[in-house]
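Heavy atoms only: backbone and side chains are in, while hydrogens, waters and symmetry mates are out. Indexing begins at 1, ligand by ligand and atom by atom, following the structure's order.
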Amino acid sequence: MNTFPKIYKKIEQYSTIILHRHTSPDPDALGSQAGLARSLRLKFPDKRILCAGENDEGDLAWINTMDEVTEADYKGALVITTDTGNTARISNKLYSKGDFLIKIDHHPDVEPYADLSFVDDEAPAASQIVADFLFEENLPVTAEVAYPLYAGIVGDTGRFMYPETSEHTFNVVAKLTATGININQIARNISDVTFAQAKLQAEVLEYMKVDPSGAAYAILTRDALEKLGVDSDQASCTVSTPGRIKDIIAWNVFVEKPDGTFRVHYRSKGPIINELAAQHDGGGHALASGANAKDMDEVKQIFAELVQVTKEYREKNE
Ligand code: AMP
């Protein structure tokens with residue numbers, strides 16, 4: 001159901017609006033949050049519009065940085081989350097202290113946690129949904145609004161490669177680019193890596209293991225990350241690397257965290273992997289998910305499950 005008019009009415013009603021996004025943010029999390037915040041600030045200069053999160057933007061601070069918020073700010077406030085499917089992943093737990101909660105998202109609605117939602121899990125990016133909202137409700141879309149939204153769409157479509165990318169995506173992007181944003185600079189900011197990150201990508205190619213089914217995995221240990229001076233968020237640049245190889249159709253990248261547990265990335269060109277991720281403290285999209293593993297035993301189990309769904313997928317599709 002199109003709840004945009006209802007969301008707009010709520011925004012009109014509140015004088016403080018606080019926007020949240022997910023932890024370990026990617027360009028879509030930051031872009032959807034920033035694009036909405038900037039447009040609302042232009043339309044409603046008398047309202048307080050704040051971006052909240054745990055100051056974990058890292059290398060993505062070029063998209064947006066967070067405002068200072070305290071619990072007092074949430075009294076009588078409208079809270080809007082973007083790009084965040086479940087409460088466990090909302091960055092900054094103060095979100096629950098507001099008066100009314102709205103969710104704008106493109107993940108499967110596994111936890112309908114808000115008072116009012118707009119969820120379209122076929123949209124390739126939450127930033128595309130935010131852009132739709134701004135255009136449909138005649139809210140301002142200037143270059144400073146379009147910039148983070150375009151970054152979010154480029155990020156979550158894998159530069160317009162993933163299957164959810166549609167004719168509508170290009171129509172939205174055409175309107176965003178018409179504001180005069182520098183799309184070359186945005187694409188470079190998203191794609192360019194440091195030497196150390198490039199070496200980590202090379203390690204993934206060098207040491208990953210490929211099962212005959214077409215499932216593959218790579219483990220990035222604390223030692224490997226420390227040696228190169230790359231932190232676990234910066235290691236995300238390796239996640240799409242195995243997918244460039246024709247024979248690989250689903251893969252895991254396991255990134256060891258400082259406490260010895262693993263952040264798990266799942267990616268796929270066909271086999272559905274979010275149901276697997278959900279069994280390991282995770283979730284996400286059908287072809288791109290994340291999870292957590294407590295130790296090497298769980299790492300092995302996760303990959304065995306991936307091999308299984310990859311085999312089943314090939315049996316059905318060949
Ligand atoms: P990542 O591998 O971290 O880039 O995440 C891929 C997708 O899965 C993104 O849409 C994330 O929002 C989602 N995701 C990642 N980790 C989790 C998690 N622990 N729980 C639910 N969704 C996740």
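One option in Glu111, Arg89, Arg21 has a heavy atom closer to atom 17 (C) of ligand 1 than any other, and that option is Arg89.
Using a 3.5 Å distance cut-off with no hydrogens or angles, the side chains of Thr81 and Tyr113 do pair a donor with an acceptor. In this model, a donor atom of one side chain and an acceptor atom of the other lie less than 3.5 Å apart for Gln301 and Glu305. Donor-acceptor pairing under 3.5 Å is lacking for the side chains of Glu275 and Gln279.
The closest protein non-hydrogen atom to atom 3 (O) of ligand 1 is Arg263 NH2, 3.0 Å. Of all protein heavy atoms, the one lying nearest to atom 15 (C) of ligand 1 is Gly290 CA, 3.4 Å. Given atom 10 (O) of ligand 1, the protein heavy atom at minimum distance is His107 NE2, 2.8 Å. The closest protein non-hydrogen atom to atom 2 (O) of ligand 1 is His265 ND1, 2.6 Å. The closest protein non-hydrogen atom to atom 4 (O) of ligand 1 is Arg267 NH2, 2.8 Å.
Within ligand 1, counting atoms from 1 as listed, the ones closer than 4.0 Å to a heavy atom of Ala288 are 6 (C), 7 (C), 8 (O). Each of the atoms 10 (O) of ligand 1 lies under 4.0 Å from some heavy atom of His285.
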Stepwise side-chain hydrogen bond (donor to acceptor under 3.5 Å, both in side chains) check, Gln201 with Gln197
CA-CA 6 Å; Gln201 290 174 337; Gln197 286 174 308; over 6 Å; no
Using side chain to side chain contact (heavy atoms under 4.5 Å, CB included), reason through Val172 and Phe170 one step at a time and then give a plain yes or no.
CA-CA 5 Å; Val172 169; Phe170 287 104; over 6 Å; no
Audit row: Leu205, Ile245, side chain to side chain contact (heavy atoms under 4.5 Å, CB included) steps and yes/no
CA-CA 10 Å; Leu205 289 174; Ile245 293 160; 3.7 Å; yes
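Sorted by first then second residue, the side chain to side chain donor-acceptor pair (under 3.5 Å) pairs that include residues 214-228, not counting sequence neighbours, are Arg222-Glu256.
Just one residue in the list Asp233, Asp281, Asp231 forms a salt bridge (Lys or Arg N to Asp or Glu O under 4.0 Å) with Arg263, and that residue is Asp233.
Residue contacts with ligand 1 include Ser289, since one or more of its heavy atoms lies under 4.0 Å from the ligand. The closest approach between Asp281 and ligand 1 falls below 4.0 Å for a heavy atom of the residue.
Taking any N or O of Asp26, backbone or side chain, none lies under 3.5 Å from an N or O belonging to ligand 1. In terms of polar-atom proximity, Asp83 is not counted as a contact of ligand 1, lacking any N or O under 3.5 Å from an N or O of the ligand. Backbone and side-chain nitrogen or oxygen atoms of Gly283 are examined, and one is located within less than 3.5 angstrom of a nitrogen or oxygen of ligand 1.
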Distance-only check: which donor-acceptor pairs under 3.5 Å involve side-chain atoms of residues 122-135, not counting sequence neighbours?
unit_1: Ser127; atom_1: OG; unit_2: Asp28; atom_2: OD1; d: 2.6
unit_1: Ser127; atom_1: OG; unit_2: Ser32; atom_2: N; d: 3.3
unit_1: Gln128; atom_1: OE1; unit_2: Thr169; atom_2: OG1; d: 2.8
unit_1: Asp132; atom_1: OD1; unit_2: His168; atom_2: NE2; d: 2.8
unit_1: Asp132; atom_1: OD2; unit_2: His168; atom_2: NE2; d: 3.1

